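Reading through the structure tokens given below for one structure.
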There are 2 protein chains.
Amino acid sequence: MERQDLRDAGLKVTSPRLKVLGILEKSEERHLSAEGIYRLLLESGEELGLATVYRVLTQFEQAGLVSRHNFEGGTAVFELTDKAHHDHMVCLETGAVVEFCDERIEQIQRDIADRYGYTLEDHSLVLYVKPKRKPS
Amino acid sequence: MERQDLRDAGLKVTSPRLKVLGILEKSEERHLSAEGIYRLLLESGEELGLATVYRVLTQFEQAGLVSRHNFEGGTAVFELTDKAHHDHMVCLETGAVVEFCDERIEQIQRDIADRYGYTLEDHSLVLYVKPKRKPS
DNA sequence: ATGTATGCAAAACATTTGCACCTGG
DNA sequence: CCAGGTGCAAATGTTTTGCATACAT
């Protein structure tokens, strides 16, 4: 029950927070912008302010409930952090987002940070791709 | 001689363009924001508009002379594209930027895109790290 | 009750653009 | 000369913030 997730994060269980969580869970598009979440909610008849969506998303991010990504194009997108770690592939033609995970890359990243005297805290890997052309 | 790089890109050799190129070449900090480049130029007594810096950087990017990166924090940074391909490691404590390249990762990325039916066009990999704690 | 959350409008940023004026080739 | 470049100010798009009101506990 998500209400508990909110309490665990020290956040009151409020209507806007439940609505935003709800959209992130139910929408078929896993990766949504603040504006996108806002519009989906308005369209389904819910009332709330865009500023609140931003505030709620920022709090969720700090609580680890959602992850924020800055793909190309100025607008951040958010997704639930309920799945295992993964990276993203963005199709430059369709905008489709594919999630993938490769343990080899994860390991190499840790090695590289270590080699330079650092500890890996986080990373961002995005592949920008185009559909493979079928041989005609 | 950089003037030729500009001509090759179909760009007139103008004073603002030479100034921006000059800063990118001479500054000890390889990764600069538009605002940063602008301020460095003003400080060294050069006159030019911030809007021009943005325009020039965008043109340079399209010409392949500079690369734009979106590290965390809303502000894009630019660097000369005169070196071989590399990725970046950003220290969360000092802001230091370390460049690295790992051919294994490059290869795995191509494989992954291919496995999903795509061709890799570009990618963005940034490691966020902290200095390793010395054992006390 | 009371400390938080919210909504709205305004502010803050980074970046882009319209337009009249300049300039390189 | 003239297409293209520049400066300035205004516009844009995204995200944040101040403040008065409303709500969860």
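Proteins get letters first, then strands, A, B, ... in listed order; numbering begins at 1 in each. Fair warning: this is a prediction, and the values are worked out from it, not measured in the lab.
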Quick one: is [N] close enough that its OP1 or OP2 comes under 4.0 Å of any side-chain N or O from [X]?
X: A:Ser33; N: D:dT14; value: no
X: A:Thr14; N: D:dC23; value: no
X: B:Tyr54; N: C:dT16; value: no

Quick one: [X] [atom1] to [N] [atom2], roughly how many Å, whole number?
X: A:Gln4; N: D:dA24; atom1: CD; atom2: P; answer: 17 Å
X: A:Ile37; N: D:dT15; atom1: CD1; atom2: P; answer: 11 Å
X: B:Leu6; N: D:dG5; atom1: CG; atom2: P; answer: 11 Å
X: B:Asp8; N: C:dG25; atom1: CG; atom2: P; answer: 14 Å
X: B:Gln62; N: D:dG5; atom1: CD; atom2: P; answer: 12 Å
X: B:Leu57; N: C:dT16; atom1: CG; atom2: P; answer: 10 Å
X: B:Glu72; N: C:dA14; atom1: CD; atom2: P; answer: 16 Å
X: B:Glu61; N: C:dT16; atom1: CD; atom2: C1'; answer: 14 Å

Closest approach to the side chain of [X], judged atom by atom: which nucleotide of [options] is it?
X: B:Thr75; options: C:dA14, C:dA9, D:dT15; result: C:dA14
X: B:Arg17; options: D:dG5, C:dT16, C:dT6; result: D:dG5
X: B:Leu48; options: C:dT6, C:dA14, D:dG7; result: D:dG7
X: B:Leu50; options: C:dT15, D:dT17, D:dG7; result: C:dT15
X: B:Lys12; options: C:dG24, D:dC8, D:dT16; result: C:dG24

Item to complete: State whether a side-chain donor-acceptor pair under 3.5 Å links A:Gln107 with A:Arg104.
Response: no
Discussion item. Pairing donors with acceptors under 3.5 angstrom, does anything connect the side chains of B:Glu79 and B:His86?
Written reply: yes
Practice prompt. Spell out yes or no: do the side chain of B:Arg55 and the base of D:dG4 have one donor N/O and one acceptor N/O closer than 3.5 Å?
Written response: no
Worksheet item: Taking the nucleotide of DNA chain C with the closest heavy atom to each, which residue, B:Ala34 or A:Gln59, is nearer the 5' end?
Response: A:Gln59
Practice prompt. Would you kindly compare B:Thr58 and A:Glu47 by the position of their nearest DNA chain C nucleotide and give the one closer to the 5′ end?
Written response: A:Glu47
Worksheet item: Base, sugar-phosphate, or nothing: which does B:Ala76 touch, judged by heavy atoms less than 4.0 Å apart?
Response: sugar-phosphate
Fill in: Residues B:Arg55 and B:Glu61 bridged, charged N to O under 4.0 Å
no
Discussion item. Could you walk me through whether A:His31 and A:Glu99 satisfy the side chain to side chain donor-acceptor pair (under 3.5 Å) test, starting with their C-alpha distance in whole Å, then the side-chain angles of each, then the deciding distance to 0.1 Å, before giving a yes or no?
Written reply: CA-CA 10 Å; A:His31 305 84; A:Glu99 301 180 343; 3.2 Å; yes
Discussion item. Using only atom types and a distance under 3.5 Å, with no angle test, would you say the side chain of A:Ser33 pairs donor to acceptor with the backbone of A:Ala76?
Written reply: no
